[in-house]
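When a residue number appears, it is its place in the shown sequence, counting from 1.
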Amino acid sequence: MTILHQIDPIAVHLPQVGPFHPSIHWYGLMYLLAFAVAWLLGRSRIRAGRLPGVSVEQFGDLLFYGILGVILGGRIGYVLFYAFGDLLRDPLMLVKVWDGGMSFHGGLLGVLVAAWWWTRRQGLHFFDVMDFVAPWVPPGLGFGRIGNYIGAELWGKYTQAGWGVVFPTDPAFRGWSAERLQSEFATGALDQFARHPSQLYQAFLEGLVMFAVLWWFSRKPRPRYAVSGLFALLYGVFRFIVEFVRVPDAELGYLAFGWLTMGQVLSLPLIALGLFLLWRSRSAPTLQPVPPAATTETR
């Protein structure tokens, strides 16, 4: 079955203001939804005493720092990992977030730095906080990938199997009108351009599957490092696998062997880190929940 992607990436078209055409994109709404779900899931675990000594208000500060880490780290990481040449030609492109371009690996580094800063101020162990954070991150990853799909970006390779999604952003259709796309698609002439919806593969694996596994795994107290290690391992493996059917960034192409992508290169350290943390957890202490009534409100 072949599907023609016809989703408008703009959710709301706002009235024109002078030369500006303001609008609200689905991708931005996906970020808001991700942060809202993170707040709800994280708050429920705070109230269950899963991060002893931390109040709901303090958790709000952690989430705020995490949001800054995601946005700043994601943008800087994208520019450094995938568009460094563009940065050299136009340094201002670093702040042009409206043109798109976010990196998970950069966002992860941003979150780690933000969480380290917050953890240091609270006097907590860094990996106790990371083990607390990890289970409610996957829904945000899933929403982000759905945003990629709606925006018809980061698609996969041609399936060459009579099924997939025909994306209007395919370079083969440059200059085509929506009417021409629809009429050609109706005749079956575009079936050869059907691509893997790799964004949805990632939404399923990185979002739904990772959330289900990590939420279940962390339902009872686990040794320090275990939840963080499982998160890193799962994401690294899932991302490495999906990269085989995802088109590499045009600026980089394949880095080696005719198949190795930057996404895979950046995922290898996560796989190694996940395995190391899981091994380290075997001799680590376990943080026991403290009932909400006994949780200290300030630290």
Side-chain angles (χ1 to χ4, degrees), residues 25-39 41-42 61-84 86-87 93-119 126-127 129-151 153-154 198-199 202-203 205-207 210-211 214 227-240 242-243 246 249 251-252 261-271 273-274:
H25 288 249
W26 282 110
Y27 191 70
L29 293 178
M30 291 298 105
Y31 266 79
L32 291 178
L33 185 58
F35 296 144
V37 171
W39 164 253
L41 294 177
D61 292 338
L62 171 61
L63 184 60
F64 174 73
Y65 290 148
I67 291 172
L68 291 180
V70 167
I71 296 174
L72 296 178
R75 181 59 179 175
I76 295 173
Y78 169 79
V79 171
L80 294 180
F81 299 149
Y82 299 100
F84 190 69
D86 294 338
L87 177 66
M93 66 88 62
L94 179 64
V95 299
K96 295 179 180 179
V97 294
W98 52 87
D99 288 338
M102 296 288 281
S103 163
F104 163 80
H105 298 91
L108 176 61
L109 291 175
V111 169
L112 292 177
V113 171
W116 172 81
W117 178 259
W118 181 87
T119 300
F126 177 73
F127 274 100
V129 177
M130 287 296 95
D131 289 343
F132 168 77
V133 168
W136 42 267
V137 171
L141 300 179
F143 291 132
R145 294 308 178 188
I146 292 174
N148 292 145
Y149 178 78
I150 293 175
E153 59 184 4
L154 304 182
S198 55
Q199 316 97 321
Q202 290 186 260
L205 293 174
E206 301 167 11
M210 278 186 59
F211 174 68
L214 288 170
V227 180
S228 299
L230 186 58
F231 173 92
L233 178 62
L234 288 176
Y235 181 87
V237 170
F238 289 157
R239 177 66 182 271
F240 194 93
V242 174
E243 286 286 322
R246 178 173 156 177
D249 292 83
E251 301 86 352
L252 299 177
T261 67
M262 176 61 80
Q264 290 174 318
V265 169
L266 295 175
S267 295
L268 288 175
L270 279 179
I271 295 174
L273 176 63

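Remark: Ser198 engages no residue in a side chain to side chain donor-acceptor pair (under 3.5 Å) (not counting sequence neighbours). Listed by chain and residue number, Val37, Trp136, Pro139, Phe211, Trp215 satisfy the side chain to side chain contact (heavy atoms under 4.5 Å, CB included) test with Leu41 (two or more places apart in sequence, or in another chain). In this structure Trp39 satisfies the ring pair (Phe, Tyr, Trp, His ring centres under 6.0 Å) test together with Phe59, sequence neighbours excluded. Among residues two or more places apart in sequence or in another chain, the side chain to side chain contact (heavy atoms under 4.5 Å, CB included) test is passed with Ala114 by Tyr65. In this structure Leu68 satisfies the side chain to side chain contact (heavy atoms under 4.5 Å, CB included) test together with Phe64, sequence neighbours excluded. Partners of Thr119 under the side chain to side chain contact (heavy atoms under 4.5 Å, CB included) rule, at least two apart in sequence or in another chain, are Leu124, Phe126, Val129. Taking Tyr27 as the reference, Tyr31 meet the ring pair (Phe, Tyr, Trp, His ring centres under 6.0 Å) condition, with sequence neighbours excluded.
Closest of all the heavy-atom pairs between Ala203 and Ile146 is CB-CG1, 4.1 Å. A pairwise comparison of heavy atoms in Leu214 and Pro138 identifies CD1-CG, 3.8 Å as the closest pair. The heavy-atom pair separating Ala115 from Met130 by the smallest distance is CB-CE, 3.2 Å. Minimum interatomic distance between Gly263 and Ser267 (heavy atoms only, all atoms of both residues): O-OG, 2.7 Å.
Residues in residues 137-150 take part in these salt bridge (Lys or Arg N to Asp or Glu O under 4.0 Å) pairs, two or more places apart or across chains: Arg145-Glu206.
Considering only heavy atoms from C-beta on, Leu270 comes within 4.5 Å of Leu108 through its side chain. Between Leu205 and Met210, the closest side-chain pair of non-hydrogen atoms is not below 4.5 Å. Using a 4.5 Å heavy-atom threshold, the side chains of Arg246 and Gln199 count as separate.
Surrounding CH2 of Trp118 are more than 12 heavy atoms belonging to other residues, nucleotides or ligands, all under 6.0 Å away.
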Sequence neighbours excluded and cut-off under 3.5 Å, please list the side-chain donor-acceptor pairs for residues 227-238, or say none.
unit_1	atom_1	unit_2	atom_2	d
Ser228	OG	Asp131	N	3.3
Ser228	OG	Asp131	OD1	2.6
Tyr235	OH	Arg239	NH1	2.8

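For the atom pair CZ (Phe143) and CG (Asn148), the distance works out to 14.0 Å, reported to the nearest 0.5 Å.
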